[in-house]
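These values consider heavy atoms only, across backbone and side chains, with no hydrogens, waters or symmetry-generated copies.
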Amino acid sequence: MRILGIDPGSLICGYGVIDKTKTGIQLIEYGVVKAARKHKTIPARLTEIFLRLEQVLERTSPEIAAFETMFYSKNAQSLMKLAHARGVAMLAASLYETAIFEYSPKEVKKSVTGNGSASKEQVSFMVKRILNIDETPDFFDSTDALAVAICHSMKAGKINAGPSNWKDFIKNNPDRVIKR
């Protein structure tokens, strides 16, 4: 299953794409969409985010797009800009018929670090460890996006986990069942 994690922002939108396989998680690509500084208006920045995410969707063909739910902000203006960027990112994923899932920030942090109150540095460290990334990404936005994708992969079923019951095992592995 290919999963696109998105950490939306009106200036920098992080993204990360992973594949969840039977044997683990594999990194496909990650990066950030920087809304060009020359685009001063929010509509121009949103257009840039939409078009660049479309390219990511076209290039990677994810089945799932995972987002962090929004959290309360003291600055209503910032919250509105974030909501706009998030909506544009969701629209792009929806137009590519990508299933959308959402996870709370605490849920994402807990899935990746084991601690729902982990710092951005702790999340970044664990993402790099889980995905065997040697370099240090320039922005936490890309590691946050990868964390959301990892969270979905873990919520969708534990890696290396066997079937939850014998009925599922028999259904999924008919060639391994001896009939008498």
Atom pair CE/OG1 of Met126 and Thr143 - distance to nearest 0.5 Å: 12.5 Å
Gap between atom CG of Leu53 and atom OH of Tyr15 - 0.5 Å precision: 8.5 Å
Nearest heavy-atom neighbours spanning Ser119 and Gln122: N-OE1, 2.7 Å
Hydrophobic cluster identity match, Met80 and Leu91, side-chain contacts under 4.5 Å: no
Heavy-atom check, side chain of Thr113 versus side chain of Val123, under 4.5 Å: yes
Pairs where residues 101-124 contributes a residue and the test ring pair (Phe, Tyr, Trp, His ring centres under 6.0 Å) is met, not counting sequence neighbours: Phe101-His152, Tyr103-His152
Side chain to side chain contact (heavy atoms under 4.5 Å, CB included) evaluation trace for Tyr30 with Val127: CA-CA 12 Å; Tyr30 65 93; Val127 165; over 6 Å; no
Closest contact, heavy atoms only, Arg45 versus Ala35: CG-CB, 3.6 Å
Side chain to side chain contact (heavy atoms under 4.5 Å, CB included) partner of Ile18, chosen from Leu146, Thr60, Leu4: Leu146
Closest heavy-atom pair and its distance - Ala66, Ile3: CB-CG2, 4.4 Å
Separation of Lys155 NZ from Ser111 OG (nearest 0.5 Å): 4.5 Å
Heavy-atom pair with the smallest gap, counting every atom of Ile25 and Ser153: CD1-OG, 3.3 Å
Separation of Phe125 CZ from Ile130 CD1 (nearest 0.5 Å): 10.0 Å
Glu121 CD: over 12 foreign heavy atoms closer than 6.0 Å: yes
Closest heavy-atom pair and its distance - Pro8, Cys13: CA-SG, 3.8 Å
Sidechain-backbone polar pair: Glu102 side chain, Phe67 backbone, donor-acceptor under 3.5 Å: no
Non-hydrogen side-chain atoms of Lys110 and Met154 separated by less than 4.5 Å: no
Ser117 vs Lys106, side chain to side chain contact (heavy atoms under 4.5 Å, CB included): CA-CA, chis, key distance, verdict: CA-CA 6 Å; Ser117 300; Lys106 278 191 175 288; 3.4 Å; yes
Asp141 side, atom CG; Asp7 side, atom CG - distance, nearest 0.5 Å: 5.0 Å
Non-neighbouring partners of Glu54 that pass salt bridge (Lys or Arg N to Asp or Glu O under 4.0 Å), sequence neighbours left out: none
Nearest heavy-atom neighbours spanning Ala156 and Met1: CB-CE, 3.8 Å
Partners passing salt bridge (Lys or Arg N to Asp or Glu O under 4.0 Å) against Glu29 (at least two apart in sequence or in another chain): Arg59
Leu11 CG to Glu48 CD distance, which is reported to the nearest 0.5 Å: 11.5 Å
